[in-house]
2 protein chains.
Amino acid sequence: MNESPAPRPATVADVARAANVSKAQAARALGGYGAVSEPVRRRVLDAAEELNYRPNALARSMNTGRSQTIGVVIAEVENPFFGLAIRGASDVLRRHGYDVVLANTDERTDAEEDAIRVMLDKRVDGIIASPADADATAHLSAAMAAGSPMVFLDRHVPGMEVDSVEVDLRRLAGQATAELLELGHRGIGFISAVQAPSDVYEPGMTLPNSSVADRLGGILDAYARAGIEPDPRWMRLNAKAPETIRAATQALLDLDDAPTAIIASDSMVGLEVLKVLRERSLRVPEDVSFLMFDDMAWSPLVDPPITVLSQPAYDMGVAAATALLERLRGSSTPPCRRVLEGEMIRRASVAPARAAVDEAPSMVGGTAVR
Amino acid sequence: MNESPAPRPATVADVARAANVSKAQAARALGGYGAVSEPVRRRVLDAAEELNYRPNALARSMNTGRSQTIGVVIAEVENPFFGLAIRGASDVLRRHGYDVVLANTDERTDAEEDAIRVMLDKRVDGIIASPADADATAHLSAAMAAGSPMVFLDRHVPGMEVDSVEVDLRRLAGQATAELLELGHRGIGFISAVQAPSDVYEPGMTLPNSSVADRLGGILDAYARAGIEPDPRWMRLNAKAPETIRAATQALLDLDDAPTAIIASDSMVGLEVLKVLRERSLRVPEDVSFLMFDDMAWSPLVDPPITVLSQPAYDMGVAAATALLERLRGSSTPPCRRVLEGEMIRRASVAPARAAVDEAPSMVGGTAVR
DNA sequence: CACCCCAATGAGACCGGACTCACTCCAGTT
DNA sequence: AACTGGAGTGAGTCCGGTCTCATTGGGGTG
């Protein structure tokens with residue numbers, strides 16, 4: 001029963017020999033191209049079956065130039081937002097015969113450069129990426145130049161003409177902020193994981209990715225529209241690890257003009273903020289209003305149910321994959337930014353600001369403002 | 001400025017030509033093997049730099065036989081448990097120069113067969129898989145036979161001698177059930193996504209994966225040890241999609257001898273169960289005690305904080321990758337099941353059974369039993 | 001000074017498919 | 001009957017690396 005240790009797989013040549021035809025004929029029969037007589041086709045196919053022949057995808061890629069593989073370069077698989085997006089992309093791609101190679105960058109440019117390099121070396125047919133830093137894009141341009149179509153997911157890079165799939169985060173953030181302002185909140189905290197030169201936002205500071213820049217931009221927009229001057233110290237960056245998120249939250253709460261509402265830039269940040277609030281025995285929304293980006297399955301179940309700015313993560317993955325497939329099909333229409341709609345889902349974590357409690361109607365329970 | 005559209009990448013031959021040496025010499029200098037004089041090495045390396053030479057990983061794989069790629073075949077990336085495990089594996093693998101190809105199976109055997117086939121065709125050096133069905137393993141054996149070392153994640157397949165990384169789920173489930181029994185619960189519901197011939201467990205039924213079989217086994221163990229006969233109708237299977245999970249929960253609650261406690265087989269099931277409980281205005285843990293497998297970041301934050309049976313998902317991924325690397329290094333020690341320790345984290349979703357409320361001490365607030 | 005050894009080098013085989021080219025038949029034209 | 005055309009076929013090249021093998025030449029040894 002114990003066969004030779006590694007009965008290495010049959011090749012076209014093996015099949016050809018078994019079928020008593022030339023390698024070329026066997027390849028034709030197997031590949032379904034060129035002219036092959038019925039009897040030969042039968043013999044070859046039977047022999048292949050018999051030998052359990054499977055084409056070597058590597059060899060095939062060598063001279064077709066295509067590998068039927070798409071590289072996905074994102075910050076972190078374990079972030080449910082990206083997890084879902086990957087799933088969306090992966091579903092579409094597989095349906096079209098493509099496989100997915102994955103790389104995590106942790107938002108580090110060097111890791112991203114590495115990843116892109118590897119993808120190129122492996123001759124992926126295309127790349128889906130969430131560029132970590134809009135200012136370090138040489139490797140991305142290199143990938144494009146090498147002929148690998150690319151689609152940006154969740155972000156775009158100003159000045160780079162590349163397809164992208166995003167959500168109208170600026171509008172969404174603006175809307176949420178406007179509602180908070182209307183509820184009497186003046187200090188609105190914002191905590192994000194983006195890497196920035198300082199932990200506190202400084203006017204005019206440029207952020208490495210559009211995704212967070214838009215969130216913050218939307219908030220500032222709303223302040224501007226309301227004619228109110230926000231305190232930059234309310235905007236906290238560099239909060240990626242649990243400890244730094246905690247520190248940022250603490251810092252916010254310890255401010256003399258501490259914000260009465262907090263917006264978390266994503267669900268992972270949000271979770272940690274909530275923990276700190278709970279530890280400090282601050283009630284949400286009575287003491288502090290809270291909302292976050294990304295609607296997670298658990299957001300309606302925590303206490304209180306969280307008001308969120310939802311992004312269609314799965315659909316974003318689908319859209320990115322679809323756009324990429326379009327490029328692979330040879331489309332050369334100008335690069336296009338696809339902006340999907342996000343949605344503010346009002347639950348119970350937002351209420352009128354403490355001091356304004358008499359002026360505005362209650363927001364508890366998910367009643368819409370206005 | 002606009003160069004030729006696809007200035008296809010430089011090859012060893014190009015570099016050799018530029019450096020005025022033979023292809024063989026260039027290859028030696030580039031690959032760092034064989035004997036190469038210093039001046040030649042310089043010239044070649046400079047030329048490579050100049051031409052921006054990058055070796056074609058495909059071509060390399062063709063004759064080394066190794067692709068520096070590991071296939072990961074799991075049910076679903078978007079399940080945070082697998083997401084974290086993938087991250088763990090991916091971190092270790094990348095550190096050792098391997099890349100990861102991903103495939104989702106949705107627990108469907110046909111998708112799994114497909115995925116494995118593709119991996120083999122791409123000549124992955126090894127495979128990490130969570131086999132969907134312990135009875136349909138021909139393709140897995142084929143992979144082993146083809147010389148691809150494999151490691152099972154989260155599951156093992158009885159009768160297949162393959163490395164695996166698991167958690168002592170049976171003990172964990174047994175412990176949890178024992179505590180529930182001690183708290184006076186007699187009816188303990190169990191809801192799982194496993195595919196089974198019927199939606200209700202039937203004694204002697206074999207389940208397709210060890211992971212769920214162990215969970216259920218542990219529960220039955222505890223019943224047996226306590227000398228109590230469980231009602232098989234308390235054990236609900238086939239609850240994968242939100243609707244089926246809801247239906248299973250409803251069915252459980254509508255039973256004449258409805259369980260007073262529910263164990264969810266994973267966090268995605270748990271979330272849906274919680275929603276149904278909430279809709280029915282059933283209080284946790286006053287009306288129904290609840291606990292679930294997998295500790296998610298949100299489990300302490302929902303209302304009430306959820307008691308969980310935690311699995312070290314990230315570490316499991318790390319362990320699986322480590323085991324695989326060991327095999328790739330040529331180790332031929334007998335296959336080994338690595339069993340990591342899970343942990344019961346007691347929070348506030350478990351309390352004494354209604355009828356037994358006078359006999360047992362309160363469990364609210366995370367106090368351990370006994 | 002003849003001899004040996006080995007560093008240094010180039011030519012070319014090879015991995016496993018995809019594909020080109022040249023050649024053979026034979027049916028269909030004219 | 002000579003001629004065209006395309007189906008059917010095999011030999012062989014190519015993709016871009018890795019690696020074997022044979023050859024060269026200079027330094028060390030007896």
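For dG17(D), the base has no donor-acceptor partner in the side chain of Asn56(B) [N/O atoms by modelled type, under 3.5 angstrom].
With rounding to the nearest 0.5 angstrom, the OG1 atom of Thr11(A) is 9.0 Å from the CG atom of Leu51(A). Between the CZ atom of Arg155(B) and the CG atom of Asn209(B) there is a distance of 4.0 Å, given to the nearest 0.5 Å.
Leu58(A) has its CG atom 10 Å from the C1' atom of dG16(C), to the nearest Å. One atom, CZ of Arg17(B), and another, C1' of dG10(C), lie 15 Å apart when rounded to the nearest Å. In this structure, Lys122(A) places its NZ atom 22 Å from P of dC15(D), rounding to the nearest Å. Residue Leu30(B) contributes atom CG, which lies 15 Å from atom P of dG16(D) at whole-angstrom precision. Per the geometry, CZ belonging to Arg60(B) stands 18 Å off C1' belonging to dG16(C), to the nearest Å.
When side chains are defined from C-beta on, Arg123(B) counts as touching Pro9(A), because their heavy atoms get closer than 4.5 Å. For the pair Phe152(A) and Asp163(A), the minimum side-chain heavy-atom distance is 4.5 Å or more. Contact of the Asp106(A) side chain with the Glu76(A) side chain is registered, since non-hydrogen atoms from C-beta on lie closer than 4.5 Å.
Counting any heavy atom pair closer than 4.0 Å across all strands shown, Arg66(B) reaches no nucleic acid atom. Residue-level contact check: Ala27(B) touches the bases, meaning some heavy atom is under 4.0 Å from a base atom.
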Taking only N/O atoms, report every protein-nucleotides 8-11 of chain D pair under 3.5 Å with atom names and distance.
{"from": "dT9(D)", "atom 1": "OP1", "to": "Ser37(A)", "atom 2": "OG", "distance (Å)": "3.2"}
{"from": "dT9(D)", "atom 1": "OP2", "to": "Gln25(A)", "atom 2": "NE2", "distance (Å)": "3.1"}
{"from": "dT9(D)", "atom 1": "OP2", "to": "Ser37(A)", "atom 2": "N", "distance (Å)": "3.0"}
{"from": "dT9(D)", "atom 1": "OP2", "to": "Ser37(A)", "atom 2": "OG", "distance (Å)": "2.9"}
{"from": "dG10(D)", "atom 1": "OP2", "to": "Ser22(A)", "atom 2": "N", "distance (Å)": "3.0"}
{"from": "dG10(D)", "atom 1": "OP2", "to": "Ser22(A)", "atom 2": "OG", "distance (Å)": "2.9"}
{"from": "dG10(D)", "atom 1": "N7", "to": "Arg28(A)", "atom 2": "NH2", "distance (Å)": "2.9"}
{"from": "dG10(D)", "atom 1": "O6", "to": "Arg28(A)", "atom 2": "NH1", "distance (Å)": "3.4"}
{"from": "dG10(D)", "atom 1": "O6", "to": "Arg28(A)", "atom 2": "NH2", "distance (Å)": "2.9"}

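The phosphate of dA8(C) has neither OP1 nor OP2 within less than 4.0 Å of any side-chain N or O from Tyr33(B).
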Q: Start with the C-alpha gap between Lys122(B) and Thr69(A), add the side-chain angles, then the distance that decides, and say whether side chain to side chain donor-acceptor pair (under 3.5 Å) holds.
A: CA-CA 10 Å; Lys122(B) 283 206 198 285; Thr69(A) 303; 2.6 Å; yes
